[in-house]
2 protein chains.
Amino acid sequence: MTTTPQPAFRALSDPTRREILVMLSQQDMTIAEVSDHFDMTRAAVKKHLTVLSDGGLITVEPRGRERINRLNPQGMSPVRDWIAYFDHFWDDRLATLKTAIEGKFE
Amino acid sequence: MTTTPQPAFRALSDPTRREILVMLSQQDMTIAEVSDHFDMTRAAVKKHLTVLSDGGLITVEPRGRERINRLNPQGMSPVRDWIAYFDHFWDDRLATLKTAIEGKFE
DNA sequence: TTGACATGATACCTTATGGTATCTTATTTA
DNA sequence: TAAATAAGATACCATAAGGTATCATGTCAA
């Protein structure tokens, strides 16, 4: 765990922000485009994007008067790594395997 | 993603709670034992434990007048699964980058 | 049984957080 | 150049969240 995962965990704790991440996984978007998908003001969406950016989960690239918001999948790493620490505490390895398999096909 | 990961993400968003999880990964603990490791009141720690329990990340078992708090590693699954959705985007972009780089030098 | 001990429950305080409204700045484009 | 467009920046509001203080309840032990 090299970096503190706090900003990323913080960013992921809000449902709206997680939804934005899923949206951005489909395609890059401007702030206005992201805002169109939510029933809240552009300013509110902008705040969420700032939190996501602070968490390293997205990157923002200026393009003329627009800002292209882009998913940064690597930003998940601190969170993934932190979670991974607990993998070996699974007491029932069969259950682990079973859950993993079912998860894939459900 | 069968269960909504919200309560788990919420539980993980606080540093104190993540520290508690690490502690409980070492050994089960009563509320008083957990409290001894922090510079805050037992009531505050109790609240964190409630959030962790709501998030499914720990289980609480009454034992006489004590409550044994125990790590529930399976509780990480909703979070792990949600994060895993983004794995392939990471791979894709890496592949894209790799292709781009190779293109440069071929 | 009585006191000590572990926890539950509640009221309350302060700050963070998610949200709106509004105004300004920087680019396009007609 | 002027108007429309995209976003930045603040100020402000209500509620959630983290924390303390305090009192009630259940359980153990002398």
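Just so it is clear, the values below take in all heavy atoms, side chains as well, and ignore hydrogens, waters and symmetry mates. No experiment lies behind these values; they were computed from the predicted model shown.
- The distance from the CD atom of B:E66 to the CD1 atom of B:I68 is 5.5 Å, given to the nearest 0.5 Å.
- You'll find a donor-acceptor pair under 3.5 Å spanning the side chain of A:R42 and the base of D:dG8, going by distance alone.
- In this structure, A:D28 atom CG and D:dA6 atom P are separated by 17 Å, rounded to whole Å.
- Protein atom CG of A:D36 is 13 Å distant from nucleotide atom P of D:dT5, rounded to whole Å.
- Following rounding to the nearest Å, A:M40 (CE) and C:dG18 (P) show an atom-to-atom distance of 10 Å.
- When the nucleotides D:dG18, C:dA9, C:dT20 are ranked by their closest atom to the side chain of A:A43, C:dT20 comes out on top.
- Atom-to-atom, CZ of A:R67 to C1' of D:dA7 comes out at 7 Å; the value is rounded to the nearest Å.
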Please list, pair by pair, any protein nitrogen or oxygen found under 3.5 Å from a nitrogen or oxygen in nucleotides 25-27 of chain C.
| unit_1 | atom_1 | unit_2 | atom_2 | d |
| --- | --- | --- | --- | --- |
| C:dT27 | O2 | A:R65 | NH1 | 3.1 |

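- Note on B:F86 and A:I83: same hydrophobic cluster, where clusters join Ile, Leu, Val, Met, Phe, Trp and Tyr whose side-chain heavy atoms are under 4.5 Å apart, directly or indirectly.
- Both A:T16 and B:E33 lie near DNA chain C, and the one whose nearest nucleotide falls closer to the 5' end is B:E33.
- The pair B:E61-B:R63 meets the salt-bridge criterion, since a charged nitrogen lies less than 4.0 angstrom from a carboxylate oxygen.
- If you chain together hydrophobic residues whose side chains sit under 4.5 Å apart, B:V34 and B:L57 fall into the same group.
- Looking at B:K47, its side chain comes within 3.5 Å of the base of D:dG19 through a donor and an acceptor atom.
- The shortest distance between the side-chain N/O atoms of A:T30 and the OP1/OP2 oxygens of D:dA6 is not below 4.0 Å.
- The distance from atom CZ of B:F9 to atom P of D:dA17 is 16 Å, rounded to the nearest whole Å.
- Note: CG (A:L49) to C1' (C:dT17) measures 16 Å, nearest angstrom.
- Nucleic acid contact class of A:R17 (heavy atoms, under 4.0 Å, all strands): sugar-phosphate only.
- If you take NZ of B:K46 and C1' of D:dT22, they are 16 Å apart, rounded to a whole angstrom.
- For A:E66 and A:D39, each mapped to the nucleotide of DNA chain C holding its nearest heavy atom, the one lying further toward the 5' end belongs to A:D39.
- Note: CZ (A:R10) to P (C:dA16) measures 11 Å, nearest angstrom.
- The shortest distance between the side-chain N/O atoms of B:H48 and the OP1/OP2 oxygens of D:dA17 is not below 4.0 Å.
- Among the nucleotides D:dA21, C:dT7, C:dG18, the one closest to any side-chain atom of A:D14 is C:dG18.
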